[in-house]
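Read the structure below first, then the notes.
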Number of protein chains: 2
Amino acid sequence: MNFSITEENYIKNIYHLQQQSELVNTNSLAFELQTKPASVTDMLKKLQIKNLLDYEKYKGFRLTNKGNKVAINIVRRHRLWEFFLVTKLGFEWDKVHSIAEELEHVSNQELIQKLDRFLNHPQIDPHGDPIPDGNGKIPIIHQLSIADVIENKKVIVSSVANQSPAILELLNHYHINIGTEIKINQRFSFDRSIEIKVGKYAPCIISELVAKNIFVHHE
Amino acid sequence: MNFSITEENYIKNIYHLQQQSELVNTNSLAFELQTKPASVTDMLKKLQIKNLLDYEKYKGFRLTNKGNKVAINIVRRHRLWEFFLVTKLGFEWDKVHSIAEELEHVSNQELIQKLDRFLNHPQIDPHGDPIPDGNGKIPIIHQLSIADVIENKKVIVSSVANQSPAILELLNHYHINIGTEIKINQRFSFDRSIEIKVGKYAPCIISELVAKNIFVHHE
DNA sequence: ATTTATTTTTAGACAAATCTAAAAAATATA
DNA sequence: TATATTTTTTAGATTTGTCTAAAAATAAAT
């Protein structure tokens, strides 16, 4: 089934509000969508008729199973595009949200499947949020900084805490990008620097400061 | 200035019809857009008010300079996305049009600029149509099959005539893709096979049949 | 030059998504 | 418990893009 861009935006925002409280209310959704409560009420009725929403007048509302699946699919598209924009097009992570909000509505299934494969099935987006897989399963992923990874472990870069041009320049030099695989080789106690192996490049040493700013996850 | 998806679709289709005849008429545009002539007339008035269209009742219409610039920008976005879908996501060229029709309406300038750079500033899309540059200049490009390229010339693959899985499998083997650079080394008269060098791979020999199916352009 | 046919436009209606202003329900306060 | 406040909903209007049916203009044919 296909939904309008407006419907998708409602569904997605209800989904996000539900992460904070089980039941969502009209005013907060109106605020989130930058619209008026009256408009929200209108749309709630439509979504209820389409079986996407459990809604009782004056009592609040929540997504049905069906609505939830739709929402997760939108979130998946959004986060895949964010990953693409950062890792392939070189956007900084704080600039991609609004573009991804437009791209997420291009709903061709094969497109998303192929994009996912092209990006190598990323599990975490550049903001550190998990990317649902094609079946709607949301990976639970433990993120930690490189400074906290034990020796001889292979990890994948998920996000970078400090996004200053200075650190981005350095990471570029190390060939470190979001999604790249890193093996932690050895920790040196003198200055707490760490030897790592980035992808297929020769091992190199990064400072503790850099290590603390790179967040990674396993597998 | 920003335009609705509907407006953009009208502008783009007027542009395409103008390639065939200077003046466009209501019925043909209605046919192209799969809509009714009455709806077209309504939109023509709006586009005229926005200075995108020269329009005289019952006489036909054409894009203004401003309208033309907008159209070329949409075409640019469409063809860049088509190039992306084929070369990066592995779609076949006859399957990308409808997806690109959706992606083309994501109008963020920086996105298109970065996409262009990521794709290495392609000049021809997978259908063999030229991709306008950021200033709206449309490259005039001479395409020919590899079989017709003189020795020692470097060319860029622009399209493949036969899109059967059989030839795609073979091209994949040769590392030949749309956008890849090929140097024509030597022609062998016995079977008219041709030695080529694909990118940075070792030289290889392709049959005349393959050569005739690969279209390329210079620079 | 009329008549006929085609093309284009107008007039008025409709659906989606929105708004304002007012009414109704729920919640908080005295 | 009665009153005040907040939240939510309804009623009716608006905008964008569409439609059908009828009228007007243009083009073709006798």
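So that the names make sense, note that chain A is the first sequence line, chain B the second, and so on, each numbered from 1.
When every heavy atom of Leu80(A) is checked against every heavy atom of Leu119(A), the shortest pair comes out as O-CD1, 3.4 Å. Closest approach of Gln143(B) to Gly128(B), counting heavy atoms only: NE2-O, 3.0 Å.
As rounded to whole Å, 12 Å separates atom C1' of dT7(C) from atom OH of Tyr55(B). Atom-to-atom, CG of Leu53(A) to C1' of dT8(D) comes out at 15 Å; the value is rounded to the nearest Å. Atom C1' of nucleotide dT10(D) and atom NZ of Lys45(A) are separated by 7 Å, given to the nearest angstrom. Between the CD atom of Glu56(A) and the C1' atom of dT7(D) there is a distance of 16 Å, given to the nearest Å.
Between Asp133(A) and His121(A), the side chains place no donor N or O within less than 3.5 Å of an acceptor N or O (distance only, hydrogens not considered). A donor-acceptor contact under 3.5 angstrom links the side chains of His127(B) and Glu82(B), judged on distance only.
Ring orientation note: the planes of Phe118(B) and Phe84(A) are nearly perpendicular, at an angle over 60° on the 30°/60° scale.
Heavy-atom contacts from other residues, nucleotides or ligands closer than 6.0 Å to NZ of Lys114(A) number more than 12. In Lys153(A), the NZ atom is not crowded: 12 or fewer heavy atoms of neighbouring residues, nucleotides or ligands sit closer than 6.0 Å.
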Could you go step by step and tell me if Ser28(B) and Asn25(B) meet the side chain to side chain donor-acceptor pair (under 3.5 Å) rule?
CA-CA 6 Å; Ser28(B) 50; Asn25(B) 53 308; 3.0 Å; yes
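The stretch residues 19-34 of chain B has no heavy atom under 4.0 angstrom from DNA chain D at all.
The side chain of Thr35(B) places an N or O atom within less than 4.0 Å of a non-bridging phosphate oxygen (OP1 or OP2) of dC19(D). For the pair Ser39(A) and dT18(C), the criterion of a side-chain N or O lying under 4.0 Å from OP1 or OP2 is not met.
The existence of a salt bridge linking Lys12(A) and Glu8(A) is excluded, since no basic side-chain nitrogen approaches an acidic carboxylate oxygen closer than 4.0 Å.
The backbone N or O of Asn9(B) lies less than 3.5 Å from a partner atom in the side chain of Asn13(B), making a donor-acceptor pair.
Within the 4.0 angstrom heavy-atom criterion, no nucleotide atom of any strand lies near Phe61(B).
Tyr55(A) contributes atom OH, which lies 7.5 Å from atom CD of Gln48(A) (distance to the nearest 0.5 angstrom).
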Pull out every protein N or O sitting under 3.5 Å from an N or O of nucleotides 22-27 of chain D, one pair per line with the distance.
none

Between the protein and nucleotides 15-17 of chain C, list the N/O to N/O atom pairs that are separated by less than 3.5 angstrom.
from    : atom 1 : to       : atom 2 : distance (Å)
dA17(C) : OP1    : Ser4(A)  : OG     : 2.6
dA17(C) : OP2    : Lys46(A) : NZ     : 3.3

